[in-house]
Number of protein chains: 2
Amino acid sequence: MIDMTPYDSQMLKGLVSFLLLDLVAAETDYGYSLVVRLHERGFTELTEGTVYPALSRAEQSRWIDAVLVPSEKGPARKYYRITPAGNEERLRARAAWQRLAHLVDAFGSHPHQPESEEK
Amino acid sequence: MIDMTPYDSQMLKGLVSFLLLDLVAAETDYGYSLVVRLHERGFTELTEGTVYPALSRAEQSRWIDAVLVPSEKGPARKYYRITPAGNEERLRARAAWQRLAHLVDAFGSHPHQPESEEK
DNA sequence: ACCGAGTACCCGGTATAGCATGATAGACAT
DNA sequence: ATGTCTATCATGCTATACCGGGTACTCGGT
């Protein structure tokens, strides 16, 4: 009776928007395709129900903007492109993630010592 | 006008309980002291308003249990101790974190390739 | 013509959990 | 009494992941 989920959904909070910004920054893309790309990279639990609202929020925050492009198959696709502000946010979020990851990884190490900053 | 917060509070979701379990597992301790220990380890934004509710939740989940010990200064301290279930949860959360961190770190790397699992 | 599947998007509701704020309470000094 | 320091707890807000369902369009099979 082991929990088969690869990661903890709570730990994804604040990360989904960053992942999307990173994907869109690398390549202008639309929602459905972004879901597929996320799945390919291991985030198998992320579905449209999570990604579309996240894209809407990012658009409202002016981190991405959208262009509707008719598709041969199915309804029109909404292609998202990163904005300059979005790129800044992407870099900010990445830095925040790296700091956090560093703190967590160093967590078990020292019993307690405020000082000692190696590197 | 740079954001001076070291990390993103949303990214902490699901992590605080793990951090507390780790601290309590290493050393039986009470809330106020745990806040101090968290600050020492770089989690400077975490305050009592976050830690006490998290401890209550962990206690309700039977991950920790508490013993009231009268203190020389101020009201009695509630010393928390990890339970066997709490230790399991701690290990589960750590594994989940490591899987997630691995996924995020590998994120920018490959353009797209479902296969290729090195090591 | 109908149906299902794949593509593509959106909306409403729920749960989780971090955080702000403030209340409570004991011990001690002034 | 009043204030301060230590220590705990409760209430409410908010962001956001997630679930279920619905809408639309295209294509292929029956």
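Just so it is clear, the values below take in all heavy atoms, side chains as well, and ignore hydrogens, waters and symmetry mates. First the proteins, then the strands, lettered A, B, ... as listed; each starts at 1.
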Taking N or O atoms only and anything under 3.5 Å, show me the protein contacts with nucleotides 9-12 of chain D, one pair per line.
from	atom 1	to	atom 2	distance (Å)
dC9(D)	OP1	Lys78(B)	NZ	2.4

[X]: which residues meet the side chain to side chain contact (heavy atoms under 4.5 Å, CB included) condition with it, sequence neighbours left out?
{"X": "Thr47(A)", "answer": "Thr50(A)"}
{"X": "Leu91(B)", "answer": "Asn87(B)"}
{"X": "Leu19(B)", "answer": "Phe107(A), Leu38(B), Phe43(B)"}

Just the rounded figure in Å: distance from [atom2] of [N] to [atom1] of [X].
{"X": "Leu15(A)", "N": "dA15(D)", "atom1": "CG", "atom2": "P", "value": "18 Å"}
{"X": "Gln10(A)", "N": "dA17(D)", "atom1": "CD", "atom2": "P", "value": "10 Å"}
{"X": "Asp8(A)", "N": "dA17(D)", "atom1": "CG", "atom2": "C1'", "value": "11 Å"}
{"X": "Arg37(B)", "N": "dA7(D)", "atom1": "CZ", "atom2": "C1'", "value": "17 Å"}
{"X": "Trp63(A)", "N": "dA15(D)", "atom1": "CH2", "atom2": "P", "value": "12 Å"}
{"X": "Leu55(A)", "N": "dA17(D)", "atom1": "CG", "atom2": "C1'", "value": "14 Å"}
{"X": "Leu68(B)", "N": "dA7(D)", "atom1": "CG", "atom2": "P", "value": "14 Å"}

I'd like to know whether Tyr32(A) forms a side-chain contact (heavy atoms from CB on, under 4.5 Å) with Val35(A), so could you lay out the CA-CA distance, the side-chain angles of the two residues, the decisive distance to 0.1 Å, and finally the verdict. CA-CA 5 Å; Tyr32(A) 199 82; Val35(A) 174; 5.7 Å; no
Should Ser9(A) be listed as having a side-chain N or O under 4.0 Å from OP1 or OP2 of dA17(D)?
->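 No, because none of the side-chain N or O atoms of Ser9(A) sits under 4.0 Å from OP1 or OP2 of dA17(D).
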Using 4.0 Å as the upper bound for N to carboxylate O, is an ion pair formed by Arg99(B) and Asp8(A)?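 No, Asp8(A) and Arg99(B) are not salt-bridged.
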Minimum-distance pair of heavy atoms, taken over all atoms of Ala93(B) and Met11(A) =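 Minimum heavy-atom contact is O-CE, 3.6 Å.
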| Ala25(A) versus Ile82(A), closest heavy-atom pair with distance |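 The answer is CB-CD1, 3.8 Å.
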According to side chain to side chain donor-acceptor pair (under 3.5 Å), who are the partners of Arg94(A), at least two apart in sequence or on a separate chain?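 Arg94(A) satisfies side chain to side chain donor-acceptor pair (under 3.5 Å) with Asp22(A) once adjacent residues are dropped.
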With sequence neighbours excluded, residues passing side chain to side chain donor-acceptor pair (under 3.5 Å) with Tyr30(B):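 Tyr30(B) satisfies side chain to side chain donor-acceptor pair (under 3.5 Å) with Arg77(B) once adjacent residues are dropped.
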ask   = 5' to 3' on DNA chain C, which nucleotides open and close the contacts with chain A (atom under 4.0 Å from a heavy atom)?
value =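 Listing 5' to 3', DNA chain C meets chain A from dT7(C) to dA17(C).
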Check your understanding: What pairs of residues pass the side-chain hydrogen bond (donor to acceptor under 3.5 Å, both in side chains) test when at least one of them lies in residues 60-71 of chain A, not counting sequence neighbours?
Key ->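 For residues 60-71 of chain A, and leaving out neighbouring residues, the side-chain hydrogen bond (donor to acceptor under 3.5 Å, both in side chains) pairs sorted by first residue read Asp65(A)-Arg81(A).
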**Request:** Identify, residue by residue, the members of residues 28-35 of chain A with a heavy atom below 4.0 Å from DNA chain C, and return them in order of residue number, or none.
**Result:**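 Tyr30(A), Gly31(A), Tyr32(A), in order of number.
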> Within the side chain of Tyr7(A), is there an N or O that forms a donor-acceptor pair under 3.5 Å with the backbone of Glu45(A)?
Replying inline: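 Flag set: sc Tyr7(A) to bb Glu45(A) pair under 3.5 Å.
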Just to verify, what does Glu27(A) make a salt bridge (charged side-chain N to carboxylate O under 4.0 Å, His left out) with, not counting sequence neighbours?
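Salt bridge (charged side-chain N to carboxylate O under 4.0 Å, His left out) list for Glu27(A), sorted by chain: Arg37(A).
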Contacts of type ring-ring contact (aromatic ring centres under 6.0 Å, His included), residue Tyr52(B), not counting sequence neighbours: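 With sequence neighbours excluded, Tyr52(B) shows a ring-ring contact (aromatic ring centres under 6.0 Å, His included) to no residue whatsoever.
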message: Using heavy-atom distances to pick each residue's nearest nucleotide on DNA chain D, tell me which of Leu12(A) and Arg77(B) is more 5'.
response: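 The residue closer to the strand's 5' end, by nearest nucleotide, is Arg77(B).
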Hydrophobic cluster identity match, Val24(B) and Leu68(B), side-chain contacts under 4.5 Å: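 Cluster IDs for Val24(B) and Leu68(B) differ.
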Between protein and nucleic acid, restricted to nucleotides 25-30 of chain D and to nitrogen or oxygen atoms under 3.5 Å apart, what atom pairs and distances do you find?
none

